[in-house]
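Structure record follows, encoded as structure tokens.
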Protein chains: 2
Amino acid sequence: MASVYTETPMSGNTTPLGTRTAVPPVAVVSASERAYRQLRDEILDGVLAPGAGLLEVEQSDRIGVSRTPLRAAIARLIADGLVAGRAGRGFMVTEMSVDSIHELYELRRALEEHAARIAATRRDPHVFLELRDQFRTAPELLLQGEAGLHRYYELIDDFDDALDAAVGNPFLVTALANVRTHLARIRRLARHNPARLRAAAAEHLLIIEAIVAGDTSLAAHATHVHLHQSLSNVLAALEANPAAQAD
Amino acid sequence: MASVYTETPMSGNTTPLGTRTAVPPVAVVSASERAYRQLRDEILDGVLAPGAGLLEVEQSDRIGVSRTPLRAAIARLIADGLVAGRAGRGFMVTEMSVDSIHELYELRRALEEHAARIAATRRDPHVFLELRDQFRTAPELLLQGEAGLHRYYELIDDFDDALDAAVGNPFLVTALANVRTHLARIRRLARHNPARLRAAAAEHLLIIEAIVAGDTSLAAHATHVHLHQSLSNVLAALEANPAAQAD
DNA sequence: TGAAGCTCCTATGTATACATAGAATTCAGG
DNA sequence: CCTGAATTCTATGTATACATAGGAGCTTCA
């Protein structure tokens, strides 16, 4: 599991307003944190393909940290389920089979339907009213090229954040975060399908409206429908381009 | 999260049937694995109380490993949510507030109700028929003192294992394992309540019968009822003895 | 006597050297 | 030419020494 109580890394980049010095506030994070983020991003982006081997010395050389922080990074990735230890021969990026996609969506249904129900009960209406207005602009956004697409994905993130805040349950939020981590690896495969994105935006809108209205049942069922369509789309994309799996 | 793909530690204690040597097969596990298990057990048993500070040097001295494997152990405990890093002053065992108990049960409901539904669909009937017979003997077991009590808790574990096997979803099973980890810390508080244990056994029996019958709806609802009663019992125990929280 | 600043100390973060287990390769024997 | 075992090599597991940041306590000044 990922932690429920985990705090910000160790931070330190608290910029005490007004202490604007010449040195850039970058890279105040620890070496292990840097290694973790880089490896994680590369795995999620597919730069490190599923099945790829991870050797401690090799990776620590490449990233520019010693083996100690790199081992810590790999330990976290193993906890995330993104990396697995091969018996005697190093580590490898975990595979993502079609079966595991089904399994991931099964867990996702359980968590998000429950989360939607809870959110419909505990939500701050103002937040979701704002989100509703934003999502209503989604169809136009999707006509505005790369920038609009980027904004659209930000909207999805905003929705996830609002859902987490409304749920207000660290255990559930952590479980959702884990699912989203693995989901990020899958999304790459089915990306850039305008028709699907428009439909997804409409589905999100319905979920939001249900949450605003406090309609727990509709929130859960609309979520179920959304996830069904999402999975169908992913599977269709995989069917059309099985090679993408190893991309 | 805990890993979905994590394998047995690194193992090695595969006893190739017939190679029964004189040397005991103990302690072939790595130092970090030993440290992890010991700390984890101590946290779950309450030996290391919530809020207790964990200092690397102190703990590594006590357990008898160097700081390196101990750091790995703590990293895993953080991923489990059992330990949190205090900004500048070491680590501490996470607290278990009444709020967090509610939150944990909320996640547990989402996962176990879903798992029960799935199990009722995919189960191997033989396994659950066997379990049903076992659980029918529970009332008698609970009259047989410590040994019977021990056997009863084994039955619960058997049920959990059977549920995991029937679900057959590594993501969901991992999420359930995480919940059970935190649950183990709570169970201590409400232990040794014979009346509750008898009732719980009856509730389990109903869930099992629903799974055997392939009745998904009943399996889910019976699980919901069971979890409601379980939570009520825990909260009542806490109410009666708030000190137990820090015990 | 109180508060502010400084110093020291402690505990984590990192690097590196060494130990060890397992796999691949190579060599020898049939 | 094939099979077997021994050896070597590689990659992780562990220990330790050093760097560094943050806090507690003390000292000093007002």
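Just so we're on the same page: letters track the sequence lines, and every chain starts at 1. Note that the coordinates shown come from a computational prediction; the quantities given were computed from them, not determined experimentally.
When rounded to the nearest whole Å, the span between CG of B:L70 and C1' of D:dT14 equals 12 Å. The separation between A:E56 atom CD and C:dT16 atom P is 15 Å, rounded to whole Å. Whole-Å rounding puts the B:F91 CZ to C:dA11 C1' distance at 9 Å. For the pair B:R34 CZ and D:dG13 P, the interatomic distance rounds to 14 Å; values are reported in whole Å. Per the geometry, CE belonging to A:M92 stands 17 Å off C1' belonging to D:dT12, to the nearest Å. We find that CD of A:Q59 is positioned 12 Å from P of D:dA11, with the value rounded to whole Å.
At C:dA15, one or more side-chain N or O atoms of A:S66 fall inside 4.0 Å of OP1 or OP2 (strictly under the cut-off). Regarding contacts with the backbone of C:dT16, every side-chain N or O of A:T68 stays at 4.0 angstrom or more from both OP1 and OP2. For B:R67, no side-chain nitrogen or oxygen approaches OP1 or OP2 of D:dT16 to under 4.0 Å.
Taking CG from B:L48 and CD from B:E42, the interatomic distance works out to 5.0 Å, rounded to the nearest 0.5 Å. Rounding to the nearest 0.5 Å places CG of B:L163 at 5.5 Å from CZ of B:F128. Note that CG of B:N178 and CG of B:L183 are 12.0 Å apart. Values are rounded to the nearest 0.5 Å. Here the CZ atom belonging to A:R109 is positioned 10.5 Å from the CG atom belonging to A:L104, to the nearest 0.5 angstrom.
When the nucleotides C:dA15, D:dT12, D:dA15 are ranked by their closest atom to the side chain of A:V57, D:dT12 comes out on top. The side chain of B:S32 lies closest to D:dT14, out of C:dT12, C:dA15, D:dT14.
Within 4.0 Å of B:L54, counting heavy atoms only, lie sugar-phosphate atoms of the nucleic acid but no base atom.
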